[in-house]
Structure formats: structure tokens, C-alpha cells
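See below for the structure under consideration.
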Amino acid sequence: MTASSTVALPPDFPAEVLRPDDAAYDDARSVFNAMINRRPLVIVRCRSIEDVVRGVLLAREHDLVLSVRGGGHNVAGNAVCDGGVMLDLSPMRAVRVDPAARTAVAGPGALLGDLDRATQAYGLATPLGVMSGTGIAGLTLGGGLGWLGGRFGLACDNLVAAEVVTAGGDVRTVDAEGYPDLLWGLRGGGGNFGIVTAFTYALHAVGPVLAGGLVHPWSAAADVLRFHDEFVATAPDELATAVSLFRDPDAGPLISVGLCWSGDPADGERVLAPLRAFGAPLADRVTTLPYVDWQSAPDASYPRGRQHFWKSGYLRSLPDAAIDVLLDAVPDMPSTASGIGLQGMRGAASRVPVDATAFPHRTPQYDFLILGQWEDPADSERNIAWARRSFTAITPHLADAVYVNNLGAEGPDRVRAAYGANHDRLVALKAAYDPDNVLRLNQNIKPRA
Ligand SMILES: Cc1cc2nc3c(=O)[nH]c(=O)nc-3n(C[C@H](O)[C@H](O)[C@H](O)COP(=O)(O)OP(=O)(O)OC[C@H]3O[C@@H](n4cnc5c(N)ncnc54)[C@H](O)[C@@H]3O)c2cc1C
């Protein structure tokens, strides 16, 4: 049975549609994580709101599962479905900046680099993530933690309006005045409440940043973790840091403190001096550079098409026993492309009231991530086993909470931990906007019904 015989398209169907025997099908169904190998019945290449509306109605009419692809970066791979309708929003990549209003409107297929380049042309930016290839859509709907979080909050905190196609195929203009409940849910509730076809962000003045990495020898790892932890506890909001522990193919295990000072670089030189003077770094790569350059600095380390398996949680303190777990885990890491990350969530991002947006994890902490990454599918078993083992060891030190955008297919308890204190309110919102759970291929909030 072919796809065309199971999904009959009306003659006036507006969008380009790919089926399994089309040349572009395999490329369109592949996402960042090469472990994801799903085969939609049809892929609707959306270029307009009408394409999205008709795609939703197509899935509903044929009672098919629906998946939504933004940037295709999420490691859980929910952007692609098996045997259903995949809405591919990647052609909708345009960004429009209004420098006077300090807002930007971005299409749902835009990548971080698209938005950063467009806004930086005016010396402006909105907080996003830390590499240029991630999609703005999934990142923003799940939260969006990056180098500007301490000053301006998360990406979702800066989402001021959205254009949404509901699960019923209706179009809604969402902002603080119109559908404020939906705006609340889009700010951290993931893709549960509708398909966003345009994201409007608040922008801020962001000049060149003082940023880079301090690489320390493994023998200093415990001291670096402790010093860094004390240092960031009282650092100004302009500073964001992310500690990485990894195994270099030549040098063996290393620790690096990545940092970004987004205020006046002269102030940054002064504030950062003690951190840069600590210990005996093997390299100090901190320098003043354009924000867009820093935003694409890690891109080469995370190319599309590798195998990924992630385990994550929030680390609210760093006791010696937790440091011991990290010191044990890294030398044991099977792949030198993997890493353990402690991305700081502090300042403005941690001061937003828990109930102000759907994103609930508002306390100073580390977004802790065991990032398993390797090339050869034959190595999957031992890489996954390492990530699981390391996660089991660190679990006693983690809060019962996880960033929704780091989750794999980990079951309902972990999904609940991702939405935390806002879960029940999100369930009520889901019942109002998607009672049939049409949008279920995500970290799913089930409607009460
Ligand atoms: C290498 C790498 C680095 C990362 N760095 C960061 C970081 O610094 N900070 C951070 O916060 N996160 C980071 N992430 C996580 C990232 O936020 C998530 O993977 C995010 O989901 C990516 O969004 P996407 O649009 O590319 O994903 P997709 O896989 O396209 O989408 C993910 C899900 O979002 C939903 N969705 C997508 N588009 C829409 C839409 N228009 N309307 C409704 N629902 C939609 C769907 O449910 C979809 O399954 C990183 C991920 C990777 C792989």
C-alpha cells in the first residue's frame, strides 16, 4: 500500500508534499539525532499558515498521528512520526526586525543563527541558546537557556506574541491581551497547545561580548568546580557560565569553564579577573568578539547526523560527593565527542515567579546534562550504558526536576518533573485548547478528559 493510496490529497491542497518514494523524502525526515529513524506517511513542506492549517486538517481527517518539525534539533526526535503526517516548518525561516519597537518576528523554521544575525545587524539580540544550528521553535517553547539568561531571562520570557494554528485548525493571534492563557502555556509548555507559525520576541541592546573558555588540567577539576561554584553565586547578571567535563583524544580528561560577559567588556575584564587568575589554566581563550561569532563557536563539535543519548536534571548544589561522581564518570566516557555539562541558570532567568510562565524551574542552579554523542551505531550500547550508569550515580544529588528540552522518551514521571509546579494548570490549558490530544508527539501533557 502506498502513501498516496492511504492519504488522498484534495486537488487544491496548497503545500508541497513528500512521500516515501520521493527523492527528497529521506533528507526531510532526518533530524539532528541520527538515532531517530521514523517514516511519516506524508511530509507537508509548509511555507504559509494556510499550509499548516491544511496539514493539521489532513491529519485529523485521516485520523493520523501528527508531528511538527521546527529546527529538527531535539534529541527525542518527536519532530518525526511513524506512519502519520509530519509538518515540516523548516521552509518558514524568515526573520523581520523592528529596531524602533525593539521586536523581531521569526518564522518557526528559523535557526538561532538566523535570528541572531538579523537582530545583531541592529546591535540587538534576544536570549536564545548557545549554538547557531538549534531551532528557535522547540527551544523557545520549552524554555531556552543561553548566554543572555542572567540579564534578560529565558527565550520564553522574551516571547511577547505568537501566531498559532490550534489543534482544530483555527488561527489565533496570541499576546498579553489576546489569549493570555495560551501565551502563558507557550512559554515553557512545549508544542502541546498549538503550532506556532510566527514568534515575536522582545530585543535588547547587546554589543560585542567578552567570552571564551578556560581549560584546566584534570588534576585541578575538583578545585575548579568548587571555585567556579562560589564565584558565580555572587557574580553580576552580565556573566553566564557553562562548565564542561570531557575527554580529549590526546590530552585525556579535561575541564573547561565556558563564559560570556554580555555587559561592558571593560567591566567584564575586572569582574572576571579572579576567575581567570584561578589555578593554572592550560588555555585562556577569553577574548572580546561579536556576539554572533560566540553563538556559533561550538557548532563544529555538534554536527548533524551523529548518535545522541542524553540524560539530564537540575543540580542545585555541588557537594563533594557529587564532584566525586563527575570525577569518576569522565575517564570512563567511551566517546571523546561526549561531555558532561553544567550550564548555569542564574540572574534574571532564576528570578521570574514560578507561576508567571509555564517554565517552572526558577531557582539558581545548574542545568546538568550528560551528553552522549558518538559516530558509529555499533557503539550505541556502550555509550548508552555509560550515560545511564553516570546518571544513576549523580541522581541522588539532582532535584526531582528536568529541563523539558533535554528529555528523551523517559516516561510520564519525568514529563511531570519537567513541568513541575505548573503541571496541573497546563493540563487544564491542554483540555481547553487540544482536548483530543492531537498534538501528542511531544513531552506530552494529557488533557484531563
Ligand atoms: C547541540 C544542541 C545544543 C543545544 N543547546 C541548547 C541551549 O543552549 N539552550 C537550550 O535551552 N536548549 C538547547 N538545546 C535543546 C533545544 O532547545 C531543543 O532540542 C529544542 O527542542 C530544539 O528545537 P527545534 O525546533 O530545533 O527542534 P524540533 O526537533 O524541530 O522540535 C522539537 C519539538 O518542539 C515542538 N515544535 C517544534 N516547532 C514547533 C512549532 N512551530 N509549534 C509547536 N510546536 C513545535 C514539537 O513538539 C517538536 O517535536 C540544544 C540542543 C542541541 C541538540
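We count ligands from 1, going down the list as the structure has it; atoms in each ligand are counted the same way. Just so you know, these numbers come straight off a predicted model, no measurement behind them. The first residue in the sequence is number 1, and the count goes up from there.
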Contact partition for Ala79 relative to ligand 1, non-hydrogen atoms under 4.0 Å: both
Which option wins on minimum heavy-atom distance to atom 52 (C) of ligand 1: Tyr403, Tyr302, Trp310? Trp310
For ligand 1, is there an N or O atom under 3.5 Å from any N or O atom of Val75? no
For Leu141, which part has a heavy atom under 4.0 Å from ligand 1: side chain, backbone, both, or neither? side chain
Does an N or O from Phe199, backbone or side chain, lie closer than 3.5 Å to an N or O of ligand 1? no
Within less than 4.0 angstrom of ligand 1, does Leu441 place any heavy atom? yes
Is it the side chain (CB and beyond), the backbone, both or neither of Met131 that lies under 4.0 Å from ligand 1, heavy atoms counted? side chain
With a cutoff of 4.0 Å, is Gly190 in contact with ligand 1, counting heavy atoms of the residue only? no
For the pair Phe152 and His204, name the ring-plane relationship: parallel under 30°, tilted 30 to 60°, perpendicular over 60°. parallel
Mutual orientation of the aromatic rings belonging to Tyr179 and Tyr433 [parallel < 30°, tilted 30-60°, perpendicular > 60°]: perpendicular
Could you tell me whether His73 and ligand 1 have an N or O pair separated by under 3.5 Å? yes
Measuring from atom 20 (C) of ligand 1, which candidate in Ile195, Ile36, Leu139 has the nearest non-hydrogen atom? Leu139
Heavy-atom side-chain proximity of Phe368 to Leu398 below 4.5 angstrom: yes
Residues passing the ring pair (Phe, Tyr, Trp, His ring centres under 6.0 Å) test with His397, sequence neighbours excluded, are none
Closest candidate by heavy atom, reference atom 48 (C) of ligand 1, pool Asn78, Val165, Val68, Asp367: Val68
Protein heavy-atom partner closest to atom 16 (C) of ligand 1 - residue, atom, separation in Å: Thr134 CG2, 3.8 Å
Could you verify whether a donor N or O on one side chain and an acceptor N or O on the other, from Asn192 and Asn444, lie under 3.5 Å apart? yes
Are Arg382 and Trp374 in a cation-pi contact, defined as NZ or CZ under 6.0 Å from the six-membered ring centre and within 45° of the axis? no
Residues two or more places apart in sequence or in another chain: which of them pass salt bridge (Lys or Arg N to Asp or Glu O under 4.0 Å) with Glu410? Lys311, Arg414
Could you check whether any heavy atom of Gly144 sits closer than 4.0 Å to an atom of ligand 1, since that is the contact criterion I want to use? yes
May I ask you to check whether Gly71 has an N/O atom sitting below 3.5 Å from an N/O atom of ligand 1? yes
Going by atom types alone, do Asn33 and Arg304 pair a side-chain donor with an acceptor below 3.5 Å? no
Could you tell me whether Leu89 and ligand 1 have an N or O pair separated by under 3.5 Å? no
Examine Leu145 against ligand 1 and note whether any of their N/O atoms are separated by less than 3.5 Å. yes
Check whether NZ of the Lys or CZ of the Arg Arg346 lies under 6.0 Å from the centre of the six-membered ring of Tyr366 and within 45 degrees of that ring's axis. yes
Is it the case that ligand 1 has an N or O less than 3.5 angstrom from some N or O of Asn74? yes
Could you say whether the N/O atoms of Gly191 and ligand 1 ever approach to under 3.5 Å? no
Hey, can you tell me if Phe359 and His361 have their rings parallel, tilted or perpendicular (30° and 60° cut-offs)? perpendicular
Checking a contact table here: which protein heavy atom is nearest atom 28 (P) of ligand 1, and how many Å away? Gly72 N, 3.4 Å
